[in-house]
Enquirer: 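One structure is given below, represented as structure tokens, and several questions about it will come after.
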Amino acid sequence: MYIAVPSVKKTYDGIMRPISDLFHLKFNMSPNQVSILGFLIGLVSVALIFFTHWQLGLIIMCISLFLDGVDGNIARVYGLESKTGEELEIIFDRSLEALLFFALAYNFGIDYKVVFLSIYSILLMTSLRDKAKFDPGLKRVSLILLLVISYEMIISLIFFTHIGAFILQLCILDNKNQRENGENTELSFSVKNLMKTKHEADLRGR
Amino acid sequence: MNIIAHLLVSFLFIKLGDLAGIDIFWAFLFGVFIDFDHVIKVPLYLKQNGFKIVRYWNWRTSLQEPVSYLWIIPLAVFLQTWVPVFFFTTHLILDYMMSYEKQPFYPFSDLKIPKMRVKIDDFAGISTVVIVGCILLYLV
């Protein structure tokens, strides 16, 4: 689970602390082991959805989602954060999303093209997530909406949300870039050059 | 490029492509109104320049660079229309006639196309408006 806002992250870590203690201290599990457990449970939910038990599959998916939050919490609370752990989480999350989306598309008989596009949009957003520090969430968790709206609508919602998030990331990074390299106006260039020339002339004069 | 040039070019291709319905909306959105990304830069402009008018300030964002094909092409596939891609390309071509520095693939690459030494912005803008305007008058 990716949380960019520090205050939210702190509150979230506080709430999750007892569960993290249970997994880490009682069961002696590392964050990566919890990630693997979450991924395996996620695979069970994919299998259940594929074999038409989608309601049960969604319940199991919620357990997997919950564990997805626990691993990051253990890593932060016990100072076990690592690059490998981060990469592992991204690989597991994106693979599970792809498998779940295709299993549901197979189950509900919708066009695979839309599923491909949604997965593409999520990958696109992920590519700039760490740079822009922005991730809208709304991936697997949005599948819970299946209880009220159609899968086709949910997958379209996922596509538009992540395309929108990518656009926002581009704007955030562009603004940041221009703020950091502030000398991008003709005026600042010319004034700077003028001052430089004047300074050089002064030096020569002395 | 100035908004009148973008408007006229979009009108021209809407006319030539005989577009109708929602396609006209996509044509204007990607041909002209994609320039609304400039609004994002207003706070930064005010912070850097106050209320002074600064010519050639970089108002553009990556939304008007080739990197945006990464989201416009999938969107066009989703919507099942070629219009967004085509009109975005016309917008891009007109903008690339301008003299300012461009970063076509930012934030994926820091590659920069440097500023042109000769400022042809006004000439390019006016000549585009005149030429496209004449063609449109002829067609109408």
Side-chain angles (χ1 to χ4, degrees), chain A residues 101 105 110-134 136 152-193, chain B residues 29-30 34 36-50 52-80 84 88 98-112 114-117 119 121:
Chain A
F101 293 170
I110 76 150
D111 190 1
Y112 288 116
K113 189 180 79 185
V114 189
V115 179
F116 269 116
L117 287 171
S118 295
I119 293 166
Y120 169 82
S121 69
I122 291 173
L123 292 176
L124 199 62
M125 186 281 304
T126 308
S127 66
L128 294 181
R129 188 184 75 161
D130 290 336
K131 271 189 188 175
K133 297 193 188 326
F134 176 70
E152 210 159 359
M153 275 180 81
I154 293 172
I155 207 81
S156 305
L157 181 77
I158 292 171
F159 172 73
F160 280 109
T161 306
H162 289 90
I163 287 291
F166 180 70
I167 294 170
L168 208 60
Q169 287 174 331
L170 284 180
C171 295
I172 291 170
L173 291 171
D174 204 81
N175 245 335
K176 197 174 153 195
N177 182 38
Q178 194 164 350
R179 213 178 311 124
E180 282 166 6
N181 310 311
E183 298 174 327
N184 49 14
T185 65
E186 284 296 306
L187 186 74
S188 62
F189 268 118
S190 56
V191 169
K192 198 176 174 188
N193 288 341
Chain B
L29 184 67
F30 287 92
I34 197 147
F36 271 118
D37 70 332
H38 295 351
V39 175
I40 299 162
K41 292 272 181 95
V42 171
L44 186 64
Y45 178 89
L46 291 174
K47 197 178 169 189
Q48 286 186 350
N49 309 301
K52 274 185 298 189
I53 294 170
V54 179
R55 287 203 77 194
Y56 306 115
W57 195 79
N58 184 11
W59 282 100
R60 297 169 78 242
T61 68
S62 302
L63 295 189
Q64 293 182 44
E65 294 285 3
V67 73
S68 278
Y69 280 119
L70 285 173
W71 65 271
I72 291 172
I73 293 173
L75 185 71
V77 173
F78 187 91
L79 299 169
Q80 296 179 329
F88 175 71
M98 299 285 99
S99 61
Y100 42 69
E101 184 183 88
K102 290 123 190 153
Q103 280 191 286
F105 307 114
Y106 185 82
F108 295 101
S109 159
D110 285 329
L111 174 85
K112 284 179 185 171
K115 290 177 185 180
M116 291 179 201
R117 288 195 177 183
K119 295 266 174 296
D121 300 39

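Chain letters run A, B, ... following the sequence lines, proteins first and then strands; every chain starts at 1.
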Enquirer: If you count heavy-atom pairs under 4.5 Å between each of A/Ile167, A/Ile163, A/Leu124, A/Asp111 and chain B, which one has the most?
Expert: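 The residue among A/Ile167, A/Ile163, A/Leu124, A/Asp111 with the greatest pair count is A/Ile167.
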
Enquirer: Counting only heavy atoms not in A/Glu152 (residues, nucleotides, ligands), do more than 12 fall under 6.0 Å from its CD?
Expert: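 For A/Glu152, atom CD is not crowded (no more than 12 foreign heavy atoms under 6.0 Å).
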
Enquirer: So, taking the atom named NZ in A/Lys131 and the one named CZ in B/Phe108, what distance separates them when rounded to the nearest 0.5 Å?
Expert: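 If we round to the nearest 0.5 Å, A/Lys131:NZ and B/Phe108:CZ are 7.0 Å apart.
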
Enquirer: Considering all heavy atoms of both residues, which atom of A/Ser156 and which atom of B/Phe78 are nearest to each other, and what is their separation?
Expert: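 That would be OG-CZ, 3.6 Å.
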
Enquirer: More than 12 heavy atoms of other residues, nucleotides or ligands under 6.0 Å from CZ of A/Phe116: is that the case?
Expert: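 No, the 6.0 Å shell around CZ holds no more than 12 heavy atoms from other groups.
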
Enquirer: For B/Lys47 and A/Arg179, which heavy atoms make the closest approach, and how far apart are they?
Expert: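 Scanning both residues completely, I find the closest heavy atoms to be NZ-CD, 4.2 Å.
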
Enquirer: Sequence neighbours excluded, which residues qualify as ring-ring contact (aromatic ring centres under 6.0 Å, His included) partners of B/Tyr106?
Expert: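 Expected list: none.
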
Enquirer: Of the backbone (N, CA, C, O) and the side chain (C-beta and beyond), which part of B/Glu65 lies under 4.5 Å from a heavy atom of chain A, both, or neither?
Expert: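 Neither the backbone nor the side chain of B/Glu65 comes within 4.5 Å of chain A.
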
Enquirer: Please round to the nearest 0.5 Å and tell me the distance separating atom CG of B/Leu70 and atom CG of A/Leu128.
Expert: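 Spacing of CG (B/Leu70) from CG (A/Leu128) equals 9.0 Å.
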
Enquirer: Which answer fits B/Gln64, side chain, backbone, both or neither, if we ask what part of it has an atom under 4.5 Å from a heavy atom of chain A?
Expert: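 When you check distances to chain A, no heavy atom of B/Gln64 falls under 4.5 Å.
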
Enquirer: Residues of residues 168-175 of chain A under 4.5 Å from chain B (heavy atom pairs)?
Expert: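 So far as heavy atoms go, A/Leu170, A/Cys171, A/Leu173, A/Asp174, A/Asn175 are the residues that approach chain B to under 4.5 Å.
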
Enquirer: Side chain, backbone, both or neither: which part of A/Phe159 has a non-hydrogen atom closer than 4.5 Å to chain B?
Expert: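 Side chain only.
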
Enquirer: Does B/Ile53 have more than 12 heavy atoms from other residues, nucleotides or ligands lying within 6.0 Å of its CD1?
Expert: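 For B/Ile53, atom CD1 is not crowded (no more than 12 foreign heavy atoms under 6.0 Å).
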
Enquirer: What distance separates A/Tyr120 OH from B/Trp71 CH2, expressed to the nearest 0.5 Å?
Expert: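 One finds 11.5 Å between OH of A/Tyr120 and CH2 of B/Trp71.
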
